[in-house]
Structures are given as structure tokens and as C-alpha cells.
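Take a look at the structure below.
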2 protein chains.
Amino acid sequence: MTTTPDLRAAGPAPGDAGLTRRQSGARAVYDLLRGRIIDGTLAPDARLTEPVLSAELGVSRTPVREALRLLQAEALVVELPTGGVRVAPLDVADARRVYDVRARLEGLLARDACERATPDDVARLARLVALMDAVRDHEDEVLRVGAQFHGEIEALADNRWGSALLRQIRGHVDRYRALAARRRVGTTDHVDEHRAVADAIASRDPGAAEAAMRAHIERSAALAEQSLRGAGSATDDLP
Amino acid sequence: MTTTPDLRAAGPAPGDAGLTRRQSGARAVYDLLRGRIIDGTLAPDARLTEPVLSAELGVSRTPVREALRLLQAEALVVELPTGGVRVAPLDVADARRVYDVRARLEGLLARDACERATPDDVARLARLVALMDAVRDHEDEVLRVGAQFHGEIEALADNRWGSALLRQIRGHVDRYRALAARRRVGTTDHVDEHRAVADAIASRDPGAAEAAMRAHIERSAALAEQSLRGAGSATDDLP
DNA sequence: CCGACGACACTTGTATACAAGTGCGCAATC
DNA sequence: GATTGCGCACTTGTATACAAGTGTCGTCGG
């Protein structure tokens, strides 16, 4: 039942088969498949074959193949011994590893950001924390502002490699997050943790900034792990 | 002059055009180009076009294209605004960033290795350090054993994500190392640093293991940076 | 002599055609 | 009835063909 995903966005021949067409094609296929894998529409272990994707999306095998290779480089799909690919399995133990890596990378970015931040930047970070505090009770607002905070730090860090590698695993983080979201276990507020990061940066203490950010991510990891635990076969509530 | 690299391994038509042919083709092209970029045969900023590579390697554009995409995912080539690709430029400031990231990742791996190492593993690491000490005067032996040490730790860590991301930047590390090798500045011995890592693992102190490994990489970074400094336009002694 | 216009050659992106290898299912036989 | 052999359908990997966009070079006009 998990073999054939439901990419039934449109028929084979008809015009825009779910992808915007004015984009570069391969990129569009990549974005589409990536989204479906992250949100669970494409179930873990689902086999993806070029001909059926090609037919369902209304493009030739060439862009499909390219998209598949991109996803493979990102490890969102894994290569089968025979040469095909399937959606990467979800493994709770693996989630921990993803967060471990993320903690180090974001920690490094926080350090770099600390070393480059101008007074204006510090003020902006403080404003974001205050804003986050203000919307404390509205969960999605907190999430939105939180993402903005992390984005701001990443931008400040101006660390091409840290960002690149972070981007590499972001898909997987989002994937586990999407899964955890279904087993909602009350979100704890990370406002104080963010404030700790902002304060460390304001104090011009790179080591403290790195440590604070790392601790923050590790706490998120523990939370996510808790949500995921008991998921057993992670495919339980997936289509 | 930098537009056409010297992939003249063989003519267009003739049999094995420098690539082993029994490999998957695209993979062979990828390996070949990757090696040439790392060792400097393909100069930074050199433009790579599918038709000429295709002709010079004696394969069609399809595998060449695939190899190029792989290299792009690894950031060994960068996309031009027009769509083509060129060999990623060498930037000393960037080298520092690469090593920063590597320090965190290898630090994490050392921690994980520490948490999983059996007494046998600890003994093996100690043996490697002793061996390294023994061959202290033979530079390439030191390098070889050192690589083995790092590989052992990575294997022990059994951290898929750490390894994957480390692999992502390894090409760049090797590239800067190859460049630094030409401006040889006496290698300092890292034997003691390795011993510190091994000792921390033997003491079952994950935090110390991580810190020791990170410090070790950061010292390597400083060394590499020193070698690279003054390189100015990094393409000076490149073909 | 300098600037602008036009055509060309070149590039990538996509589609299709071809070849080879592999696993699966069916059928016939022991 | 179980097993083994054959044949088919399917897959990926590669090659080639086609279309569109873009930069450049040459030439013509001011």
C-alpha cells in the first residue's frame, strides 16, 4: 500500500500537472517531490521510479532523473541496490543525530554572528526576542518569529559553509518536525533560550553564544525525540 | 587561457578515454573531474561546458551533465548566472570556514565515538597513536596513520549524518590541503593532539574528546591558513 | 573614429530513442 | 504438489535530436 504515492495532482497529458512549468522543470520536480517527502505525502520507503513520475508529472524522464539525483544528494531518497531510489526511511534514532549535527552548526553560526554583529544587529535580535515574548501565547507566531531569529543569526554569521551544510539537513529536520507535529506534545517556550543567545551576542561573548545556541537546539532535540518516541513504525499515520 | 582545461587523457573516439568504463560512467566522470579539481589540474574559475567535456571524455552529454550536478551539489563547481558551471574559486577566508565546520563535525564524531568505544577500540586507538609516534619522522607515514586515526573515529562514531556532512566538505579540505602542500611550511606534528583525543576517549570523557578533537582541527586550520596566506591570487602556481 | 544593430555560434534544458541488466511470474516437469 | 527453468516486462543508463535563450563578433551607419 505504501508502494504507490498519490501524486495524482493531474493527469499525464493535461497542461500544468501540478508544477508551475515556468520554473526550470527539474527544479520544479525537485521542489514538488521534496515537499511531498517532508510533509509525508510520499511515505517512507516508497519506491520512486522515473517512468511513473515522468508520466504523472507530465515531463520527460530527464528532469525527473535530475530531481531524483538532487534528492539523493540530500539523502531524502536512498539508492536501492538495483539502482532505483526510494524515500528515505524515518528513524527516531536518526533524528537525534540530525539534531546533534544541527546543534553544532547553528552553534558555530551563533559564534560567527556574535563576532560580526553591529550594535544595530544586536538591537534587532533583542527586538525579535521581545516580540517573541509578546506573542508567547500564539504558537504559530512564536514559531514564525523563532524561524526569523534563526534566519537573522544565519545571515549575520555570513558563513557560507555552515549555511550550506545546515541547508543540507534542514529538509530532514523539517521532516521529523512534521512527523512530531502529529503527535503534539505541548510546545515548551523557547523564548528564554533565544534570549540567552541574544544576550550572549550582546555581551560579545562568542563562546557563550555558541554554547547557548547549542543548548537551545539540544533542548529542541530532546523535545522532538520525546514526541517521536512511541511512534514505533514511523509510518503509522502516514498515507 | 584558463577556459580550456587539459583533460586530454585521450581522444574523443578511442576506447577508454581515461575513465575505466566498467564503472557507471557518470560516476567515472564525477570521480575524474573531482580529482582534477582537488589536485588543481582544473584551475579555479575554469569554465566547464558539457559539450567539450563530452567530446574530450568520449561520453555523451548525459553522464557529463549528471557528474556536473553532483559536483555542484558538493559546491566544487558553482553555477554561472547564465546556467553553466565553473570550478569553484579558492578563497583563503573560505578555508577557515571549511575548517571551522570540520572542527565541529569531527568533534561531534569524537564524542559519539567516545560513547560507543569498547576497550578493544580504545586499545586500537592507542596503538595508532603509538604507531604515529614511532613514524614521527616520516612525514607521509604520519599523514597516512593520521588519516587512519580519523577514519577509525568516524567508524566508531557510527553517526550517519556527521559522516555525510563531513564527506560533503572533505573535497574542499583536500583541495586547500593540496594547495597548501605547494607552499610547504614545515609540518608540525599532531601526534600529541591525537594522543589527547585518544586519552579522552580512553577516559570515557565525551566532552573532553569533543574538545580535544575540535582543538586539533583548529590547530590544523591555523597551520593551513598560515600556509595559504600570501597566496594572494590563489591561482598563481596553478596550470 | 565610435556607436549601435544584426546575425551567428554556442550554450543549456528538454524530449525521445536505444541497449542492457535484473527480477518476477508462469508454466512444465520430476 | 514442489521445484526448476524459461520468458517477459520493467527498470536504469546512455546516446542523440530538438528548441530556446544569450553573449559575442562583425559590420554598417552616423
Side-chain angles (χ1 to χ4, degrees), chain A residues 3-5 7 10-33 42 45-73 77-87, chain B residues 1-5 7 10-33 42 45-73 77-87:
Chain A
T3 53
T4 307
L7 277 179
D16 61 341
L19 47 87
T20 324
R21 203 62 115 156
R22 66 258 254 118
Q23 310 183 56
S24 78
R27 176 72 185 199
V29 174
Y30 165 78
D31 286 337
L32 184 86
L33 292 179
L42 278 172
D45 289 324
R47 176 109 187 256
L48 299 182
T49 62
E50 296 169 10
V52 319
L53 289 175
S54 168
E56 285 180 334
L57 298 176
V59 295
S60 81
R61 270 182 55 207
T62 310
V64 169
R65 186 182 180 76
E66 208 164 298
L68 252 37
R69 287 306 228 247
L70 256 48
L71 291 170
Q72 188 179 340
V77 304
V78 297
E79 197 174 10
L80 274 77
T82 62
V85 302
R86 66 176 189 192
V87 177
Chain B
M1 213 47 71
T2 63
T3 54
T4 307
L7 278 178
D16 61 341
L19 46 87
T20 326
R21 203 60 116 157
R22 67 259 252 114
Q23 311 183 56
S24 77
R27 175 73 186 197
V29 174
Y30 164 78
D31 286 337
L32 184 86
L33 292 179
L42 278 172
D45 289 324
R47 175 108 188 256
L48 299 182
T49 62
E50 296 168 9
V52 317
L53 289 175
S54 169
E56 285 178 336
L57 297 175
V59 295
S60 80
R61 270 181 56 206
T62 310
V64 169
R65 185 180 181 75
E66 207 164 299
L68 252 37
R69 288 307 230 246
L70 256 50
L71 291 169
Q72 188 179 339
V77 302
V78 296
E79 196 175 11
L80 274 77
T82 62
V85 301
R86 66 177 188 191
V87 177

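Below, read A as the first sequence line, B as the second, and so on, with proteins coming before strands; counting in each chain starts at 1. Note that the structure is a prediction, hence the values are computed from the model and not measured.
Residues that satisfy the side-chain contact (heavy atoms from CB on, under 4.5 Å) test with B/Thr49, not counting sequence neighbours, are B/Arg47, B/Pro51, B/Val52. Taking A/Arg65 as the reference, A/Glu50, A/Arg61, A/Arg69, B/Glu66 meet the side-chain contact (heavy atoms from CB on, under 4.5 Å) condition, with sequence neighbours excluded. Legend: residues meeting side-chain contact (heavy atoms from CB on, under 4.5 Å) with A/Leu70, ordered by chain and number and at least two apart, are A/Tyr30.
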For nucleotides 9-12 of chain C, tabulate all protein N/O to nucleotide N/O atom pairs closer than 3.5 Å, reporting atom names and distance.
| residue | atom | partner | partner atom | Å |
| --- | --- | --- | --- | --- |
| C/dT12 | OP1 | B/Glu50 | N | 3.4 |
| C/dT12 | OP2 | B/Glu50 | N | 3.4 |

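In this structure, the side chains of A/Leu33 and A/Val64 stay at 4.5 Å or more apart for every pair of heavy atoms. Residues A/Val29 and A/Leu57 are in side-chain contact: their nearest non-hydrogen atoms beyond the backbone lie under 4.5 Å apart.
The distance between atom CG of B/Leu80 and atom C1' of D/dG23, rounded to the nearest whole Å, is 12 Å. In this structure, CD of A/Glu79 is placed 12 Å from C1' of D/dG13, rounded to the nearest angstrom.
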